[in-house]
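The structure appears right after this line, and notes come after that.
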There are 2 protein chains.
Amino acid sequence: MNLHHPSREDLDVSMVLHALSDPHRLHIVKKLAEHGAEPCSCGGFGIDLTKSTLTHHFRVLREAGVITQRPAGTSKLNSLRREDLDARFPGLLDAVLAAIPAPPAAQVPV
Amino acid sequence: MNLHHPSREDLDVSMVLHALSDPHRLHIVKKLAEHGAEPCSCGGFGIDLTKSTLTHHFRVLREAGVITQRPAGTSKLNSLRREDLDARFPGLLDAVLAAIPAPPAAQVPV
DNA sequence: CAGATAGTTCGCTAACCGTCGTACAATTAG
DNA sequence: CTAATTGTACGACGGTTAGCGAACTATCTG
């Protein structure tokens, strides 16, 4: 099962915007941006969704070219494709990151 | 039939991004950006879609807070809500505008 | 008034999307 | 080998969406 990542030239604005238009996915992207390219496995995002649903969201992000997924043991390491996004759509990622609000409605902040 | 426009504080990133994630709507936004706040009626965008479908797209844009629609005679004047968007999501609109590619697949370019 | 013009509204269809559960695959730990 | 962990694949579901056509409203112009 080869993980397909679109090449930089193949990035499509509408596809990227659509990938970013879901609160859960926005939250994922935000977390990834904070963690740099660290061991962000698919779990541990504090999102209250099923495993299969998470897989779905990560795939949407990956196929839109927003993130990279690299298998590592039984996990997958996710990272933002900052360079590619900045190259193709300058300023877009930063603007979106700055616009992301509170969590999408998962854990109570107290 | 009151045209509802969300107030600036009620603008939602995901909603805006979703509104912008359609090639046709992206094209509309691009044209509006070029024309400033000029007499951009709903037709005249060179989009090969039915009137009802156009109505639909303009409503999505309006309800997301991306555009304003003001009735003027038998037409409607559309304009970008630049100020509001820039205030809530600084840099986002410009980044998206810069990223918009060729037309979404409508009229022959020459 | 009559006609033209510009959008809206209302079904309706086909596709898509987010979500889930269950079953499966792959890797690591005992 | 067995069990646990992590994620994927697949099928199903309900809701949303983009698109159309046809009928309608509202305005402006004769």
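A, B, ... follow the sequence lines: proteins, then strands. Residue 1 opens every chain.
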Please collect all salt bridge (Lys or Arg N to Asp or Glu O under 4.0 Å) contacts where either partner lies in residues 14-27 of chain A, sequence neighbours excluded, each pair once. none

Could you work out which one of [options] sits closest to the side chain of [X]?
X: A/Ser52; options: D/dC10, D/dC20, C/dG18; result: D/dC10
X: A/Thr55; options: C/dC17, C/dT5, D/dG7; result: D/dG7
X: B/His57; options: C/dA6, D/dG19, D/dT6; result: D/dG19
X: A/Thr74; options: C/dT19, D/dT5, D/dA18; result: D/dT5
X: A/His24; options: D/dT27, C/dT19, D/dG21; result: C/dT19
X: A/Leu49; options: C/dC20, D/dG19, C/dG18; result: C/dC20
X: A/Lys51; options: C/dC20, D/dG7, C/dG18; result: D/dG7
X: B/Thr53; options: C/dG21, C/dG18, D/dC20; result: D/dC20

Taking the side chain as every heavy atom from C-beta outward, state whether B/Ile67 and B/Ile28 have any pair of such atoms under 4.5 Å apart. no

Quick one, A/Glu9 and A/Leu11 - any side-chain contact, counting heavy atoms below 4.5 Å? no

Value in whole Å for how far the [atom2] atom of [N] lies from [atom1] of [X]:
X: A/His56; N: D/dA9; atom1: NE2; atom2: P; answer: 13 Å
X: B/Leu3; N: C/dG7; atom1: CG; atom2: C1'; answer: 10 Å
X: B/Arg70; N: C/dG7; atom1: CZ; atom2: C1'; answer: 16 Å
X: A/Ile67; N: D/dG7; atom1: CD1; atom2: P; answer: 12 Å
X: B/Leu54; N: D/dG21; atom1: CG; atom2: P; answer: 13 Å
X: A/Leu61; N: C/dC17; atom1: CG; atom2: P; answer: 13 Å
X: B/Glu63; N: C/dT8; atom1: CD; atom2: C1'; answer: 13 Å
X: B/Leu77; N: C/dG7; atom1: CG; atom2: P; answer: 9 Å

Examine the base of C/dG7 for any acceptor or donor lying under 3.5 Å from a partner atom in the side chain of B/Lys76, and report the outcome as yes or no. no

Any carboxylate oxygen within less than 4.0 angstrom of a Lys/Arg side-chain nitrogen, looking at A/Asp94 and A/Arg82? yes

CG on A/Leu97 to CG on A/Leu26, rounded to 0.5 Å: 9.0 Å

Nearest heavy atom decides the nucleotide; on that basis, is B/Arg59 or A/Ala72 closer to the 5' end of DNA chain C? B/Arg59

